[in-house]
**Student:** 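The structure's right below; bear with me while I get my questions together.
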There are 2 protein chains.
Amino acid sequence: MATGRTHRPATRSRGIPEATVARLPLYLRALTALSERSVPTVSSEELAAAAGVNSAKLRKDFSYLGSYGTRGVGYDVEYLVYQISRELGLTQDWPVVIVGIGNLGAALANYGGFASRGFRVAALIDADPAMAGKPVAGIPVQHTDELEKIIQDEGVSIGVIATPAGAAQQVCERLVAAGVTSILNFAPTVLSVPDGVDVRKVDLSIELQILAFHEQRKAGELAAAGTVVPAVAARQESAAARRGTAAGQESVADQGPDGDVPAVMPT
Amino acid sequence: MATGRTHRPATRSRGIPEATVARLPLYLRALTALSERSVPTVSSEELAAAAGVNSAKLRKDFSYLGSYGTRGVGYDVEYLVYQISRELGLTQDWPVVIVGIGNLGAALANYGGFASRGFRVAALIDADPAMAGKPVAGIPVQHTDELEKIIQDEGVSIGVIATPAGAAQQVCERLVAAGVTSILNFAPTVLSVPDGVDVRKVDLSIELQILAFHEQRKAGELAAAGTVVPAVAARQESAAARRGTAAGQESVADQGPDGDVPAVMPT
DNA sequence: GCATGTGAATGCATTCACAGCG
DNA sequence: CGCTGTGAATGCATTCACATGC
């Protein structure tokens, strides 16, 4: 397995549903915005709208954390910010390492969202000796040889993998062996990890493919209904023009030899 | 709403569950790898292992597409690759535009996974006039003024937003008005879109926060069990040392004025 | 009165387990 | 005989609707 879930029945402490956990950061962001505008209190309806969910769901989510609202009034913004931050573990400092400083790794290093909210880029690591010492986002890149040392010295438990797909599993194993127990994987590979290690995956091409599926269905439905949408017509024309072949089966799975693109891999 | 789901009951055509759609790209990737190694046929068990799911789920997923396997044998790799590609709409060409060519936008433009699988970067768009004409990944950046023209000329229906959070909603509206109906959003904001437009969100800081939640719980459980994990101990020491304050509530939500980080925003 | 908090109802998704077929 | 394909069973997540309490 490597599905990014801890599979044991989760030591019956306070079982917050996974789906709820995934929404807490959303609420937190909306609340932080309110807090910055000095809004003192907010109703489930308003907050739900800001976070893009419906209010019943939000109330149920919050009910897992405890009773932090006031009936007839709403929620105290500051208090909720604190409670959610604490629940998510953001009141402590989480050093993270980013491995693979290509295009994507550099973008991540520069990402403001890392620095805020208790995360801190403890080190940037790359296999290319030519990168060593070169500063990215103000932090000097270190060579992969240092990986274990860095993780132990800094007490890193969260690692970000932004290497090519071919290197990801090996990097993953070194991270885990050195003590990392949570991994955010940007490489398009299934990582296998021992029990107790969480993996979350961010996969650009998967997201695009899901969108394409829905796009296609929209187009199909419209066509069936006899509607003609200009943009769609244009796309299909130009697509047909560009593509030599008729149905285009074998455009799938050809993309030149690998090891070319800097930090991210084919599909 | 803006939850990235078409909310109508989906014109009873062939209702492939959303969860299944989200896994098809995974299967496709595993199958493509097998195909490249000229493996002719594969069992649900093997393929499931390669894709990181269990075999029952995989079989059920495939059953929504039709009966493409052979009992007692398994699935024909090439045939399945084709069927899934077709189902996902990858046998046609999808021009996409990327808006916001900062660090992240550039990484996306260079991303190999874009180019393969039927996606084609039709244009890179940025609001900074200084960027105009500058080539990124071999494609000249165009100014935001051209946005509508590009989308119409190229028949673009999928847009990628990699701008700062502040600009995202406005960009989104222009994309939609120009005819885009699917959006992949990297900006940490809730986009609101009209019905019929799909939005998918990729949010780095949310992923990290979810990992932190699980990390924290692991640490708690271990502590409760009296175990001492070196890495954890180290992290907590150094965290305490670095942080002046005791419980650290107000490290949340301070990160200097915005408009500093190139293509991606705070949290 | 009004918005929270929550049992109960519904709807999806996953898993089980085995009938069916090559 | 082995592996697919799928009804039936289970488990989660979302939604409904209203009792509860400020």
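Lettering of chains follows the sequences in order, A, B, ..., and the numbering in each one begins at 1.
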**Student:** Quick one: do the B:S205 and B:Q209 side chains pair a donor with an acceptor below 3.5 Å?
**Tutor:** yes
**Student:** Does any donor atom in the side chain of B:E87 or B:Q83 lie under 3.5 Å from an acceptor atom in the other side chain?
**Tutor:** no
**Student:** What nucleotide, of C:dA13, D:dG5, C:dT14, holds the atom closest to the side chain of B:P17?
**Tutor:** C:dA13
**Student:** Report the distance from atom CD of B:E18 to atom C1' of C:dA13, rounded to the nearest whole Å.
**Tutor:** 12 Å
**Student:** Distances for protein N/O vs nucleotides 16-22 of chain C N/O pairs under 3.5 angstrom?
**Tutor:**
{"from": "C:dG20", "atom 1": "N3", "to": "B:R71", "atom 2": "NH1", "distance (Å)": "3.1"}

**Student:** Between A:T91 and A:R86, is there a side-chain donor-acceptor contact under 3.5 Å, judged purely by atom types and distance?
**Tutor:** no
**Student:** Is the closest side-chain heavy-atom distance between B:R200 and B:N185 below 4.5 Å?
**Tutor:** no
**Student:** Rounded to the nearest angstrom, tell me the gap between atom CG in B:L58 and atom P in C:dT15.
**Tutor:** 12 Å
**Student:** B:D61 CG to C:dA13 C1': how many Å, rounded?
**Tutor:** 10 Å
**Student:** Can you check whether B:Y79 and B:Y68 have ring centres sitting under 6.0 Å from each other?
**Tutor:** yes
**Student:** Could you give the OH-to-P distance, from A:Y27 to C:dT4, as a whole number of Å?
**Tutor:** 13 Å
**Student:** With a 3.5 Å cut-off and no angle check, do the side chains of B:D61 and B:T20 form a donor-acceptor pair?
**Tutor:** yes
**Student:** Under 4.0 Å: is that the gap between some side-chain N or O of B:S43 and OP1 or OP2 of D:dC3?
**Tutor:** no
**Student:** How many Å lie between OH on A:Y68 and P on D:dC22, as a whole number?
**Tutor:** 17 Å
**Student:** Could you state the atom-to-atom distance from CG of A:L80 to C1' of C:dG5 in whole Å?
**Tutor:** 14 Å
**Student:** If you check every side-chain atom of B:Y75, which of D:dA13, D:dT4, C:dG5 has the closest atom?
**Tutor:** D:dT4
**Student:** Just how far, in rounded Å, is P of C:dG7 from OH of A:Y64?
**Tutor:** 10 Å
**Student:** So, does B:S44 get its side chain near the phosphate of D:dT4, meaning an N or O under 4.0 Å from OP1 or OP2?
**Tutor:** yes
**Student:** Taking the side chain as every heavy atom from C-beta outward, state whether B:L104 and A:L108 have any atom pair closer than 4.5 Å.
**Tutor:** no
**Student:** So, are B:R217 and A:D198 salt-bridged, with charged N and O less than 4.0 Å apart?
**Tutor:** no
**Student:** Over its full length, what angle do the end axes of the helix from C:dG1-D:dC22 to C:dG22-D:dC1 make, each axis taken from five pairs and the result rounded to 10 degrees?
**Tutor:** 10°
**Student:** Taking everything shown except A:E173 itself, do over 12 heavy atoms lie less than 6.0 Å from its CD?
**Tutor:** yes
**Student:** Rounded to the nearest angstrom, tell me the gap between atom NZ in B:K57 and atom C1' in D:dG11.
**Tutor:** 13 Å
